[in-house]
2 protein chains.
Amino acid sequence: MGGIMIRTISPNPNRANFGRCSACAVRSLSICGALDQADLGEFERISRHAHLEANEALFTAGQVAAAVHSLTVGVARLYKLLPDGRRQVIGFALPGDFLGVSPADRYNFSADAVDAVSVCRLSREAFTHFIEQRPHFLMRINEFVSRELMLAQEQMLLLGRRTAEEKVAAFLVGWRERLAHIGDNRQTISLPMSRQDIADYLGLTIETVSRTLTRFEREKMLVIVTGGVRLLDTDRAEALAAA
Amino acid sequence: MGGIMIRTISPNPNRANFGRCSACAVRSLSICGALDQADLGEFERISRHAHLEANEALFTAGQVAAAVHSLTVGVARLYKLLPDGRRQVIGFALPGDFLGVSPADRYNFSADAVDAVSVCRLSREAFTHFIEQRPHFLMRINEFVSRELMLAQEQMLLLGRRTAEEKVAAFLVGWRERLAHIGDNRQTISLPMSRQDIADYLGLTIETVSRTLTRFEREKMLVIVTGGVRLLDTDRAEALAAA
DNA sequence: CCGGCCGGTTGATCCAGATCAAATTGGTCA
DNA sequence: TGACCAATTTGATCTGGATCAACCGGCCGG
């Protein structure tokens, strides 16, 4: 688990990456959506593209926070561990999400790839210098961090006060919304993460997640398919998720 | 509960508030710590000072987010409610804390005074204009929001994976640290919030919080006093809090 | 084609913390 | 001073979700 060296592709960015950012499929969704052509060129110059296989680590809690990341392809899980191994998944990152904001000089959570992932990686130093000169971009970062905070607050409500049934329903509804936001509007909700990941995200055990999904299926709220679920009764799911 | 009209003092800020910010006891702790004399004067011009009694509302979830706040005196509780009344306290604000960051145009949580509170209140409009011209200040805001996010992530770990005993110990240790940070290093940890507030912050019931504190006292880890607790065995508390 | 393995499901039982129900304390006001 | 009220503590019991334990099914390597 974790710790696997990742491969950095495009070692000569000035040639191989030329125009890469302009062609980026998730640019408008990501922090780069706030950059004009000129700034995009500079951003491109200071960023490196990297690819990770499923379960490879992007970074680990406690490491010096040397880089920031913008996810372009795939899903990442962000999590914290207790000394005895208990794990809390604090979020799943999707294409367009920005990772590595940290008030300290070390990462305070770990991140690794759920499935195959691509990221833009920037040294924290270069990134800090870049934003200092661009107030407009700084506002964009601010919006991203604020949105992250809002999601975290919503998750605190879920973890502290919702029942297992409400947790699972809220997860499915929320995940579906996030997929729709990045342009995935398929009727089947794709769930690339394992049941254990979901359980650790919701503060439950794998058995409770499994039983709850099975019960939802028995009650005709959804159908479990390989790699995801298909919602049949969206209204009921949303009602459960809302309270 | 909530909804009580607050009194705004100093209606003529250019006279009555002159030099107010320069004399602010928590300036260096707050977002204003990043402002020079000139900026401070402008900040003063666009801010209004307000005082609230215990249990008065600063703002309520769902309201148009017309203002941002910097807490100068007292303690505020920030919380979210479920339709059926279940409550999750998502944080306690102390002097120097900045409130009202919201990616949407409405507050996504409620805030009210735990004890007597003073705040600097700025219209969101004026605040937005103010920061846009000052990249350095925007960086400061960013640090505050990032720190808030880090605390939220730590709280997710607590809510999802810690036992009742660990939750209470972690709360006491964390609260003591925050009090120390604002200059309150008294041996007795002041707890102005009710047991219900603590329970709603930790995802527990009031009975469990009470029983856990009583047990800690029986085990000589602390002494319960009116308005707070006195830690006797800091090492044990920190060990419990860490895992 | 087979066997083992891994992720997921299902079943039986347990228990930490919730719920229900009284006391007890402490502060406030007449 | 005393009656009252709200907050807190304490006690008894219950239960949702955890834990412990098989079992299942799909996939992969031989």
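What's counted below: heavy atoms across the whole structure, side chains too, no hydrogens, waters or symmetry copies. Numbered from 1 within each chain, the chains take letters A, B, ... in sequence-line order.
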Measure from the side-chain heavy atoms of B:Glu207 and tell me the nearest of D:dG17, C:dT9, C:dC20.
-> C:dC20

Side-chain N,O (A:Thr208) to OP1/OP2 (D:dG17) below 4.0 Å = no

Checking all strands, does A:Thr214 fall into the base, sugar-phosphate, or nothing category for heavy-atom contacts under 4.0 angstrom?
-> sugar-phosphate

Sugar-phosphate only, base, or nothing, as touched by A:Thr226 at under 4.0 Å among non-hydrogen atoms = nothing

Rounded to the nearest angstrom, tell me the gap between atom CZ in B:Arg215 and atom C1' in C:dG17.
-> 11 Å

Whole Å only: how far is the CZ atom of B:Phe216 from the P atom of D:dT10?
-> 15 Å

Do B:Phe59 and B:Tyr107 have their ring centres less than 6.0 Å from each other?
-> yes

Is the distance from OP1 or OP2 of D:dT9 to the nearest side-chain N or O of B:Arg195 less than 4.0 Å?
-> yes

For A:Arg124 and A:Ser102, does a side-chain donor sit closer than 3.5 Å to a side-chain acceptor?
-> no

From CG of A:Asp115 across to C1' of C:dG7 the rounded distance in Å is 17 Å

Separation of C:dC6 atom C1' from A:Asn55 atom CG, nearest Å, is 13 Å

Classify the nucleic acid contact of B:Ser194 as base, sugar-phosphate or nothing, counting any heavy atom under 4.0 Å across all strands shown.
-> sugar-phosphate

Going from CG on B:Leu151 to CZ on B:Phe92, what distance comes out if it is rounded to the nearest 0.5 angstrom?
-> 13.0 Å

C:dT19 base to B:Arg211 side chain: any donor-acceptor pair below 3.5 Å?
-> yes

Would you mind reading off the distance between B:Arg86 atom CZ and D:dG16 atom P, rounded to a whole angstrom?
-> 13 Å

For DNA chain C, whose closest nucleotide is more 5', that of A:Gln196 or that of A:Arg161?
-> A:Gln196

Can you tell me the distance, in whole Å, between the CG atom of B:Asp197 and the P atom of D:dT8?
-> 9 Å

When the distance from CD of A:Glu166 to P of D:dG16 is rounded to whole Å, what number comes out?
-> 13 Å

Contact class for B:Gly227 (heavy atom, under 4.0 Å): base, sugar-phosphate, or nothing?
-> nothing

Check whether any side-chain nitrogen or oxygen of A:Ser210 sits under 4.0 Å from OP1 or OP2 of C:dG8, and answer yes or no.
-> no

Apply the side chain to side chain contact (heavy atoms under 4.5 Å, CB included) test between A:Lys80 and each candidate in A:Asp200, A:Ile90, A:Val89; give the one that qualifies.
-> A:Ile90

Under 4.0 Å between any heavy atoms, over every strand shown, what does B:Leu204 touch: base, sugar-phosphate, or nothing? Just pick one.
-> sugar-phosphate

Could you tell me the separation between the CD1 atom of A:Ile206 and the P atom of C:dC6, rounded to a whole number of Å?
-> 14 Å

Among the candidates D:dG17, D:dA18, C:dG17, find the nucleotide nearest to the side-chain atoms of A:Ala164.
-> D:dG17

With sequence neighbours left out, what residues match B:Glu165 under salt bridge (charged side-chain N to carboxylate O under 4.0 Å, His left out)?
-> B:Arg215

